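For reference, the structure is listed below as C-alpha cells.
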Protein chains: 2
Amino acid sequence: MSEERKKFKRESAESRQEALILATLELVAEKGVRGATVRGIAERADVTQGLIRHYFSSKEELIVAAYEHHMNQMTDDTFAPGAAEGTARARLRAFVDGSLTPPVVDPRSLALWASFLNKVQQDPQMKATHERTYAYFRDRLEELIKAALEEAGRPAPPARLRQLSIACNAVIDGLWLEGGALPDAFEPGELVEIGRQSVAAIVELDLTQEAGKT
Amino acid sequence: MSEERKKFKRESAESRQEALILATLELVAEKGVRGATVRGIAERADVTQGLIRHYFSSKEELIVAAYEHHMNQMTDDTFAPGAAEGTARARLRAFVDGSLTPPVVDPRSLALWASFLNKVQQDPQMKATHERTYAYFRDRLEELIKAALEEAGRPAPPARLRQLSIACNAVIDGLWLEGGALPDAFEPGELVEIGRQSVAAIVELDLTQEAGKT
DNA sequence: GGAGAAATTATACACTTGCATAATTACTGG
DNA sequence: CCAGTAATTATGCAAGTGTATAATTTCTCC
C-alpha cells in the first residue's frame with residue numbers, strides 16, 4: 001500500500017495549454033476567478049498543480065489567456081451561422097440569430113462574463129481585449145443596419161444610426177442576459193423570434209421574410 | 001510607544017449592521033464575493049473583524065443580508081420617480097426612466113449584479129430573492145404595457161403581451177448593462193431617450209409626449 | 001460612581017492559497 | 001539501449017482565509 005507516484009504522459013505544449021485553459025473556464029464559470037484555484041484547475045485538467053507554473057508564469061497569466069480564449073470563441077460562435085452572404089437584411093437577421101442561439105446564449109457564457117467583469121475593469125490588458133471585442137460587435141451591427149436601411153431606400157444620418165445600433169445591441173444583450181440567467185423561462189426559438197421582431201420594430205424593417213433558408 | 005488597544009464607541013445594532021452591509025457591498029462590487037474578506041470588510045467599516053461574528057453568525061449570512069439589501073435598494077430606486085400617477089403611458093415612461101437613470105444605471109450596480117451572480121445561482125435563499133425581484137419587475141412591466149395598449153384602444157392577447165414585455169425588459173436590461181459597463185460612452189439622458197424610443201417602437205406607442213413634467 | 005452586562009477588541013487555530021523549488025519520470029537522439 | 005533533457009510530480013513555505021474564543025472596554029441602571 002505504498003503511495004505511488006502518479007503516472008503521466010507527456011503532451012504537446014498546445015494541447016496541455018488548451019486543456020488548462022478549458023479547465024480554468026469551467027471553474028471560473030462555476031466559482032468565479034478567485035474561486036478557480038490553481039489546485040482546482042489542475043485537478044480538473046487531471047494534472048498536478050506544479051504543471052501550471054510550467055506553462056503559465058502565474059495564475060494571472062492563465063486567467064488572461066482563458067479570457068481571451070473565451071472572447072474569441074464568443075466572436076466565432078456569433079458570426080458562424082450567417083457569414084457575409086445575401087442581402088443586408090438577411091445578414092442582419094443572421095447576426096441576430098447567431099447572437100441569440102446557443103452556445104452564445106448559455107448559462108455558462110453568462111456566468112463567465114459576470115465572473116470576469118471585475119478583472120476586466122481593473123486589468124488593462126483584459127480591458128483592452130474587452131473593448132476591442134465589444135467595439136467589433138457594435139460596429140458590425142451598425143454597418144448592417146446602415147446597409148439594410150440604404151437597401152430599403154431609407155438611409156439614416158450618423159446620429160440616428162448610432163441610436164439604432166445602441167438600441168438593437170441593447171435588445172440583443174438583454175435577451176442574451178435573460179436567456180442565460182433563466183434558461184428554462186423561454187421556449188426554443190422564442191428568444192430569436194422576439195429578437196427579430198424587436199430589432200425589426202426598432203429599425204422599422206421586416207426581418208421575418210426570406211426566412212426559409214435556414 | 002506601547003501598542004494601545006483600539007478605542008471604540010458602542011452603536012445600535014441596526015446602524016452597525018447597516019454599516020457592515022454597506023462595507024460589504026463596496027468590497028463585493030470591487031473584488032467579488034470571495035475577494036470581500038472578513039478582514040477587509042471590517043477595515044472598511046472601521047471595526048475589527050471579530051465584531052462581524054457578533055452580528056452575523058457567518059460570512060455567508062452577511063453576504064446574503066447584503067444581497068437582499070442591494071436588491072431592495074434597486075427596486076426602490078427604480079420605482080421612486082414615477083409612482084403610480086397619471087396615464088398608463090406616463091407610468092410606462094416613468095418606469096423606463098427610473099430603470100435607466102442613476103443610481104440604477106451605475107458601474108457599481110452592474111458590478112454587484114455580476115459579483116453576486118454565481119452565488120445567486122447556487123444558494124437557494126439568494127436564488128429565491130433574485131427570482132422574486134425579477135418577477136416583480138417583469139410583471140409590473142407587463143401590466144403597464146397591457147394598460148397602455150388598452151388605453152390606446154389596442155388591447156393585445158396574453159401571448160403577445162408576454163413577447164412585448166420580454167422584449168421591453170430586454171432593451172431596458174441591455175441599456176442598463178451597457179450604461180454600467182461603459183459609463184462614459186453615453187451622454188447624460190441618452191440612455192433614457194434611446195430606451196423610450198425603443199420601447200415605443202416595440203409596443204407601437206408614442207412615449208415622447210407629455211414629457212414636460214420632469 | 002460603581003457593578004453588571006453587552007459590545008468590541010485581541011489573539012489563536014486550522015485550513016487554503018499562490019508560488020517556489022527539489023525530485024522523478026517519460027520521451028528523444030544517437 | 002542508454003544518456004540527456006524537458007515535462008511532470010512532489011514537497012515546502014509564507015501569507016491570507018474564516019471562525020472560535022478569551023480579554024477588555026464602554027455604557028446603563030441603581
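On a predicted model such as this, the values are computed, not experimentally measured, just so you know.
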Residue F8(B), side-chain atoms from C-beta onward, closest of dA12(C), dT9(C), dT8(D):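 Selected nucleotide: dT9(C).
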Within residues 47-61 of chain A: residues closer than 4.0 Å to DNA chain C (heavy atoms):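 Within residues 47-61 of chain A, the residues near DNA chain C are Q49(A), R53(A), S58(A), K59(A).
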Contact nearer the 5' end of DNA chain D, comparing A13(A) with R39(B):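 Comparing both residues, the 5'-ward one is A13(A).
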Pairwise 5' ranking along DNA chain D for K7(B) and G40(B), keeping only the more 5' one: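 The residue whose closest nucleotide sits nearer the 5' end is G40(B).
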[X] [atom1] to [N] [atom2], straight-line distance once rounded to whole Å:
{"X": "K6(B)", "N": "dA7(C)", "atom1": "NZ", "atom2": "P", "answer": "17 Å"}
{"X": "E11(B)", "N": "dA6(C)", "atom1": "CD", "atom2": "P", "answer": "19 Å"}
{"X": "R5(A)", "N": "dT8(D)", "atom1": "CZ", "atom2": "P", "answer": "13 Å"}
{"X": "E43(A)", "N": "dG18(C)", "atom1": "CD", "atom2": "P", "answer": "13 Å"}
{"X": "Q17(B)", "N": "dA6(C)", "atom1": "CD", "atom2": "P", "answer": "16 Å"}
{"X": "K9(B)", "N": "dT28(D)", "atom1": "NZ", "atom2": "P", "answer": "10 Å"}
{"X": "R34(B)", "N": "dT16(C)", "atom1": "CZ", "atom2": "C1'", "answer": "11 Å"}
{"X": "I63(A)", "N": "dC19(C)", "atom1": "CD1", "atom2": "P", "answer": "10 Å"}

Pairing residues for E68(B) by the side-chain hydrogen bond (donor to acceptor under 3.5 Å, both in side chains) criterion, not counting sequence neighbours: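 With neighbours one apart ignored, the set is T129(B).
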Charged N-O contact under 4.0 Å between [X] and [Y]:
{"X": "R138(B)", "Y": "E143(B)", "result": "no"}
{"X": "D46(B)", "Y": "K9(B)", "result": "no"}
{"X": "R44(A)", "Y": "E30(A)", "result": "yes"}
{"X": "E190(B)", "Y": "R162(A)", "result": "yes"}

Heavy-atom donor-acceptor pair, R10(A) side-chain to dA6(D) base, under 3.5 Å: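 Flag set: donor-acceptor pair detected.
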Aromatic plane relationship, W113(A) with W176(A) - under 30° parallel, 30 to 60° tilted, over 60° perpendicular: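 Perpendicular: the ring planes of W176(A) and W113(A) meet at over 60°.
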Distance (rounded to the nearest 0.5 Å) between I166(B) CD1 and L191(A) CG: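 Spacing of CD1 (I166(B)) from CG (L191(A)) equals 7.5 Å.
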